[in-house]
Amino acid sequence: MTKKRQILVGVQSGREAAEDAIQAWERAEQGLPPEEPIDRLFFADMATLFKYLSPRRVELLQKLREIGPVNIRQLAMTLERDYKNVYTDVSDLVHVGLIEETRDRRFVVPWDEIAAKLPLLAQAK
């Protein structure tokens, strides 16, 4: 059985990110494997997270994961959306690492699953 590739997405302060990095370092020094999921993407606040993971962008990620590597024009046609808007969404999602670009300028979602960590009591640290 192939293991699903997962990314953890959420909101985390700079201090929390530093603490996680220290924990990962300590685990590695002890010879322990990294915590799952290994791939993580954190934003400074909920507004930024929801900017990148709006309902339209989540739909785009789902469709791209379903159909596999395509160029932006093909993706826009499949989604029945304007090319310029799809281009902007894909560019932003590539920038944060939720979409990858292949050598032949096609785009792919490498994740089987996006897990979310959304603290309800965000603390300014």
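Because only heavy atoms are used, hydrogens play no part in the values below, and waters and symmetry mates are left out as well, while side chains stay in.
Counting heavy atoms from C-beta outward, Leu60 and Ile99 have side chains that approach closer than 4.5 Å. Between Trp111 and Leu61, the closest side-chain pair of non-hydrogen atoms is not below 4.5 Å. A 4.5 Å side-chain heavy-atom check between Leu118 and Met46 finds at least one atom pair inside the cut-off. Arg81 has its side chain within reach of Asp89: a pair of non-hydrogen atoms, C-beta onward, lies under 4.5 Å apart. Side-chain contact between Glu19 and Arg15 is present, with heavy atoms from C-beta onward closer than 4.5 Å. Taking the side chain as every heavy atom from C-beta outward, Thr78 and Val70 never approach each other to under 4.5 Å. Between Leu8 and Phe42, some side-chain heavy-atom pair lies under the 4.5 Å cut-off.
Judged by distance alone, the side chain of Asp112 and the main-chain N or O of Arg5 form a donor-acceptor pair under 3.5 Å. In terms of modelled atom types and a separation under 3.5 Å, the side chain of Gln74 and the main chain of Asn71 share a donor-acceptor contact.
Checked options Val109, Leu41, Val90; the residue passing with Leu98 is Leu41 (criterion: side chain to side chain contact (heavy atoms under 4.5 Å, CB included)).
Taking every heavy atom of both residues into account, Pro33 and Arg27 meet most closely at O-NH2, 2.7 Å. Nearest heavy atom pair, residue Asp92 against residue Arg57, reads OD2-NH2, 2.6 Å. Closest of all the heavy-atom pairs between Gln6 and Ala115 is NE2-CB, 3.7 Å. Between Val11 and Ala44 the shortest heavy-atom distance is CG1-O, 3.8 Å.
By the rule that hydrophobic residues join a cluster once side-chain heavy atoms approach within less than 4.5 Å of another member, Met77 and Val108 end up as members of separate clusters.
Atoms CZ and CG, on Phe50 and Asp45 in that order, are 10.5 Å from each other to the nearest 0.5 Å. Note that CD1 of Ile72 is 12.0 Å distant from CG of Asn85, once rounded to the nearest 0.5 Å.
Enclosure of atom OH in Tyr83 by more than 12 non-hydrogen atoms of other residues, nucleotides or ligands within 6.0 angstrom is indicated.
Ion pairing between a basic and an acidic side chain is recognised when a charged N comes within 4.0 Å of a carboxylate O; Arg106 and Asp104 show such pairing. In this structure, Lys63 does not pair ionically with Glu59, as no charged nitrogen and carboxylate oxygen lie closer than 4.0 Å.
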